[in-house]
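In what follows, a structure is listed as structure tokens, so that the remarks can point back to it.
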Amino acid sequence: MPVNGLGQYDDGNVFARILRGEIPCKRVYEDEFALAFHDIAPQAPLHVLVIPKTRYVSLADFSTGASEAEIAGFWRAVTTVAKQLELETPGYRVLTNMGPNSGQEVPHFHVHIFGGKPLGHMLVRT
Ligand code: 5GP
């Protein structure tokens, strides 16, 4: 059982379907560990999702279950994507939602990259 409240990995989730090519995406980067594509409902001028190619429901699940090579390859891909999008100099934000309180919608581990304007101080509202 994955290490959070999300249950077993569901091969029908939308990112699994994107990985299988069943749903189109606006791809910006791909390597053996990761696929990056534009979010369908962007919340910043640039809003890209980076997902591992392996089946993990969340950050906790990925961190526990993935190999060292998968973890290193995935996080290197995140920074490579940001660099490719020319976000390194102006800066960007990386965010992952993990489990129910975060509002995680898609149960395939993913990282959001936000950029393209000053993003303000964090995203959390109380
Ligand atoms: P979460 O809330 O799980 O961290 O974020 C899921 C993200 O996936 C949301 O920002 C949502 O807009 C995006 N998303 C959901 N379905 C699709 C889709 O079919 N294609 C793309 N490109 N993004 C999607």
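If you're wondering where the values come from, they're calculated on a predicted model, not measured in any experiment. First listed ligand is number 1; within each ligand, the first listed atom is number 1. Computed from heavy atoms alone, side chains included, the values below leave out hydrogens, waters and symmetry copies.
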For this session: Specify the closest pair of heavy atoms between Val57 and Gly7, including all atoms of both residues, with the distance to one decimal.
Result: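 The answer is CG1-O, 3.9 Å.
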I want to know if ligand 1 touches [X] in the polar sense, i.e. an N/O pair below 3.5 angstrom.
| X | result |
| --- | --- |
| Leu49 | no |
| Glu105 | yes |
| His38 | yes |

Using a 3.5 Å distance criterion without hydrogens, assess whether the side chain of [X] forms a donor-acceptor pair with backbone atoms of [Y].
| X | Y | result |
| --- | --- | --- |
| Ser58 | Phe109 | no |
| Arg93 | Gly120 | yes |
| Ser102 | Gly99 | yes |
| His108 | Pro52 | yes |

Which of the ligand 1 atoms, numbered from 1, are nearer than 4.0 Å to a heavy atom of [X]:
| X | result |
| --- | --- |
| Asn97 | 1 (P), 2 (O), 4 (O) |
| His112 | 1 (P), 4 (O), 5 (O), 7 (C), 10 (O) |
| Ala41 | 12 (O) |

Problem set entry | All side chain to side chain contact (heavy atoms under 4.5 Å, CB included) counterparts of Ala69, not counting sequence neighbours |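 Per chain and number, Ala69 pairs via side chain to side chain contact (heavy atoms under 4.5 Å, CB included) with Phe33, Ser67.
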Considering only non-hydrogen protein atoms, determine which one is nearest to [atom] and report residue, atom name and distance to 0.1 Å.
| atom | answer |
| --- | --- |
| atom 6 (C) of ligand 1 | His110 NE2, 3.6 Å |
| atom 24 (C) of ligand 1 | Ile40 CG2, 3.4 Å |
| atom 10 (O) of ligand 1 | Asp39 OD2, 2.5 Å |
| atom 16 (N) of ligand 1 | Val14 CG1, 3.9 Å |

Problem set entry | contact_flag Gly103 ligand 1 heavy-atom lt 4.0 Å |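 Yes, Gly103 has heavy atoms under 4.0 Å from ligand 1.
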Problem set entry | His110 and Phe15 aromatic ring geometry - parallel, tilted or perpendicular at 30°/60° bounds |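 Taking His110 first and then Phe15, their aromatic rings stand perpendicular (interplane angle over 60°).
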For this session: Record the part of Phe15 in heavy-atom contact with ligand 1 below 4.0 Å; permitted values are side chain, backbone, both and neither.
Result: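 Phe15 to ligand 1: side-chain contact only, backbone stays beyond 4.0 Å.
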For this session: Could you tell me whether Glu68 atom CD has more than 12 heavy atoms of other residues or ligands within 6.0 Å of it?
Result: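 Open.
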